[in-house]
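Reviewing the structure listed below.
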Amino acid sequence: MSMDERIVSSGLKLAAHLARPPGRPSGPPPAVVVSHGYPSATEVGLTTPELADRIATEMGWVALAFAFRGCGDSEGQFSLAGWLDDIGAAVSYAVREVRPLGVWLAGFGTGGALSICAGARDPRIKGVAAVGAPGDFDDWAGHPRHLLEHGREMGVITDPAFPPSFDTWARELKAVRAVACASQYAPRPLLVIHGSEDEAVPPFDARVLADAHGSAELRMINGAGHELRHDPRAVAVLLGWLDRQRHNLHR
C-alpha cells in the first residue's frame, strides 16, 4: 500500500497515508494518528497504513499513518526528539487537512511511548493508545553507540556524518521518558495494551505507565509477544476503545 501523502516535519518530507471513511460523513469525523515502532529485522515494510484503512472503513474515523524520519520513504535520520516532532507534524497535518472533531494518537512500541509524550505537550490530543510501549529508553541510553550502529544496520541512519552532535543525540535517549510524560498527560484518556509474554519490552513497563497516569485502561494480552500490530485481540481492543472515545464525545 503506497504512502502517497507527504508531511513536512522540521523541513523533512515524511511519507504518509490518509485514510478517510467511505461515503459522506454527516459532520466532522474524529481523527487518529497511527505511529509505528522502531523497525526490527522481522518487520519488513510498514503495516500501519492497512490499520488506518481498517479504522476508516470500520469505525468511520479519519486515520493518518506515516513513516517516521529515516523509515520507509521518509527523509531524514532516526532520533528520538526528531520522531517526537514528527508526531506533532502529523497531528498538524491531520488538523489542517480534515478539520476533525478531535485528534487521538495510537502508537506501537517506540511510537506508543512517543505518542504519550506528544500528548503531554500538545493540548489538541484528546486520547492516546500505547501498544507495547516502553516506559523509558534507558536501555538505549546506556549503550548509545551500539544503538547508533544498529540504526545504521537497520537503515534508519544512512548519513555517515549523522548525528552532528553525538552527545546531543544520545542525551535525548535519557530525556524522552514516557513514564514521566504519562503523569503530565493525565487526566486525558490513556489506553495501555501489552503482551504478557513481550520479550522486547517487559510487561512491567505497561503497569508503570498505567500507574503513572493514574486512571489509564490497562489491557494485557495473554500469551502475546511484542508484535501486537498483528494480534487480532490487541487490534480489537484498540478499535473498541476508539469506538468508546467517539461515543464519549457525544455525552
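As the structure is a computational prediction, the values presented were derived from the model and not from experiment. Along the sequence shown, residues are numbered consecutively beginning with 1.
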Identify the heavy atoms of [X] and [Y] that sit nearest to each other, and give their distance.
| X | Y | answer |
| --- | --- | --- |
| A31 | P100 | CB-CB, 3.7 Å |
| A118 | L105 | CB-CD1, 3.9 Å |
| A19 | A52 | CB-O, 3.5 Å |
| G132 | L228 | N-CD1, 4.3 Å |

Can you list the steps and then say if Q184 with I116 is a side-chain contact (heavy atoms from CB on, under 4.5 Å)?
CA-CA 9 Å; Q184 298 163 15; I116 295 173; over 6 Å; no
If Ile, Leu, Val, Met, Phe, Trp and Tyr residues are connected whenever their side-chain heavy atoms lie under 4.5 Å apart, and connections chain through other members, are [X] and [Y] in the same group?
| X | Y | result |
| --- | --- | --- |
| V176 | V201 | no |
| V98 | V8 | no |
| M59 | L51 | yes |

Step by step, work out the side-chain contact (heavy atoms from CB on, under 4.5 Å) result for W83 and C117.
CA-CA 11 Å; W83 277 24; C117 289; over 6 Å; no
Using modelled atom types only, decide if a donor and an acceptor are shared between the side chain of [X] and the backbone of [Y] within a distance under 3.5 Å.
| X | Y | value |
| --- | --- | --- |
| H194 | R207 | no |
| R233 | N222 | yes |
| W61 | P29 | no |
| R69 | S10 | no |
| D243 | L239 | no |
| E75 | L12 | no |
| T48 | H36 | no |
| R54 | V235 | no |
| S183 | A180 | yes |
| H213 | A216 | yes |

Check whether any side-chain heavy atom of [X] sits under 4.5 Å from a side-chain heavy atom of [Y], and report yes or no.
| X | Y | value |
| --- | --- | --- |
| V91 | R124 | yes |
| Y38 | W140 | yes |
| E172 | F137 | no |
| R219 | L238 | no |
| F78 | M154 | no |
| L101 | R246 | no |
| W104 | L191 | no |
| I87 | F68 | yes |

For the atom pair [atom1] ([X]) and [atom2] ([Y]), what is the distance rounded to the nearest 0.5 Å?
| X | Y | atom1 | atom2 | answer |
| --- | --- | --- | --- | --- |
| L148 | Q77 | CG | CD | 10.0 Å |
| D85 | L14 | CG | CG | 10.5 Å |
| R20 | L64 | CZ | CG | 10.0 Å |
| Y185 | S115 | OH | OG | 10.0 Å |
| Y93 | S9 | OH | OG | 13.5 Å |
| L190 | L209 | CG | CG | 7.5 Å |

NZ/NE/NH1/NH2 to OD/OE distance under 4.0 Å, D138 and R177:
yes
Given D198 and D205, is the side-chain contact (heavy atoms from CB on, under 4.5 Å) satisfied, shown in steps?
CA-CA 10 Å; D198 190 330; D205 283 40; over 6 Å; no
So for atom CZ, which belongs to R99, do other residues, nucleotides or ligands contribute more than 12 heavy atoms lying within a distance under 6.0 Å?
no
F204 atom CZ, neighbour heavy-atom count above 12 within 6.0 Å:
no
